[in-house]
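Scroll down for the structure; my scribbles are underneath it.
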Amino acid sequence: MSLFNIFNIAGSGMSAQGQRLNTVASNIANADSATSSTGEVYKAKEVVFEAVPVAGQDSSGVRVQQVVESQAPPKKVYDPKNPQADKDGYVEMPNVNVVEEMVNMISASRSYETNVETMNAAKTMLLKTLSLGQ
Amino acid sequence: MVGKLDEALRFQQTALSLLAQRQQQLASNIANADTPNYKARDIDFNSALKNAMSRGKSTAAPSTLATTDAAHIGGNNPNTTAGGAPLLYRTTRQGNVDGNTVDMDVERNQFVDNSVRYEAGLTLIGAQIKNLLAAVQG
């Protein structure tokens with residue numbers, strides 16, 4: 001039954017967009033983390049989406065294929081009093097672009113909402129089908 | 001007698017089945033709106049319905065390859081829906097840098113359009129059933 005598969009497809013979209021929102025939250029929260037548990041400066045993370053077939057069907061859902069770290073160079077901030085400062089007084093700050101992250105966040109939440117609406121439409125259609133002939 | 005009942009409802013049933021398959025394909029396009037290199041696909045409802053009706057049977061699943069192991073690739077034809085309707089690629093007006101061809105406005109438009117058609121189909125088949133029941137009960 002094709003309509004039941006819509007739940008799987010829209011659900012995969014919702015979880016993928018949720019994961020994308022998660023990385024955005026992590027990036028924004030760490031926008032000022034000059035160091036981390038590895039001793040290195042935090043690098044912005046991004047998800048890469050991939051289409052996957054759903055339950056032997058030809059139409060596909062979506063999943064997060066991998067999470068990549070941004071290769072942009074870290075921002076250098078002049079702050080000689082900071083214990084992390086190098087000999088010239090510069091501190092390496094994360095390469096997180098907060099504006100980009102906000103745009104990413106809005107895009108992810110809109111996509112999430114669209115998937116929820118898709119699911120709702122499928123649910124309405126299924127319920128109407130159930131009441132057929134009454 | 002049963003054959004005649006089946007014949008009476010077959011058109012609407014075929015149409016509903018195709019509309020449900022199309023709805024699934026549109027949901028898939030919407031879910032993959034942000035996937036790099038994903039190409040939006042859709043079925044041509046008009047010709048798919050004509051084909052299904054001229055085949056003289058409902059849109060039952062086409063024959064598939066036998067699999068003897070869970071790891072075998074399913075024998076589904078990647079260019080048709082599960083019901084056998086051919087899947088076509090959408091032509092885009094504005095390409096995307098990442099190779100994705102999903103136009104959200106088009107997809108949502110078609111999605112709502114398709115769901116209204118599905119509900120119309122349900123209403124029609126419901127009315128047909130009522131008519132048949134009225135004829136049976138007198």
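Convention: sequence-line order gives letters A, B, ...; per-chain numbering from 1.
One finds the CD atom of B:Gln24 at 9.5 Å from the OG atom of A:Ser60 (value rounded to the nearest 0.5 Å).
Annotation: maximal heavy-atom pairing with chain B below 4.5 Å, among A:Ser131, A:Ala121, A:Gly61, occurs at A:Gly61. Of the residues considered (B:Asn32, B:Val112, B:Asn37, B:Ile129), B:Asn32 shows the highest number of contacts with chain A, using heavy-atom pairs under 4.5 Å.
Of all heavy-atom pairs spanning A:Ala51 and B:Thr35, the tightest one is N-CG2, 3.5 Å. A pairwise comparison of heavy atoms in B:Ala31 and A:Gly13 identifies CB-CA, 4.4 Å as the closest pair. The minimum heavy-atom distance between A:Thr118 and B:Ala27, with the atom names listed, is CG2-CB, 3.6 Å. Pairing each heavy atom of B:Pro36 with each of A:Phe49, the nearest pair is CD-O, 3.4 Å.
Other residues, nucleotides and ligands place no more than 12 heavy atoms under 6.0 Å from the CZ atom of B:Phe11. By the 6.0 Å contact criterion, OH on A:Tyr90 is open, its count of non-hydrogen atoms from other residues, nucleotides or ligands being 12 or less. No more than 12 heavy atoms of other residues, nucleotides or ligands lie within 6.0 Å of CZ in B:Arg117, so this atom counts as exposed by the packing criterion. Residue-environment remark: NZ (A:Lys75) exceeds the threshold of 12 foreign heavy atoms within 6.0 Å.
Using a 4.5 Å cut-off between heavy atoms, B:Glu119 contacts chain A through its side chain alone, with no backbone atom that close. When heavy atoms are compared at a cutoff of 4.5 Å, A:Gln17 approaches chain B solely by way of its side chain, counted from C-beta outward. Of the two parts of B:Arg22, neither the backbone nor the side chain holds a non-hydrogen atom closer than 4.5 Å to a non-hydrogen atom of chain A.
By the 4.5 Å heavy-atom criterion applied to side chains, B:Tyr118 and A:Leu3 are counted as neighbours. Residues A:Met125 and B:Leu122 fail the side-chain proximity criterion, which asks for heavy atoms closer than 4.5 Å.
Transitive grouping of hydrophobic side chains (ILVMFWY, heavy atoms separated by less than 4.5 Å) brings A:Leu126 and B:Ile125 into a common cluster. The hydrophobic cluster containing B:Met53 also contains B:Ile43, counting ILVMFWY residues as joined when their side-chain heavy atoms lie under 4.5 angstrom apart, directly or transitively.
The backbone N or O of A:Ser111 lies less than 3.5 Å from no partner atom in the side chain of B:Asp34, so there is not a single donor-acceptor pair.
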Steps toward side-chain contact (heavy atoms from CB on, under 4.5 Å) verdict (A:Glu117, B:Arg108) = CA-CA 10 Å; A:Glu117 276 173 39; B:Arg108 293 196 57 165; 2.6 Å; yes
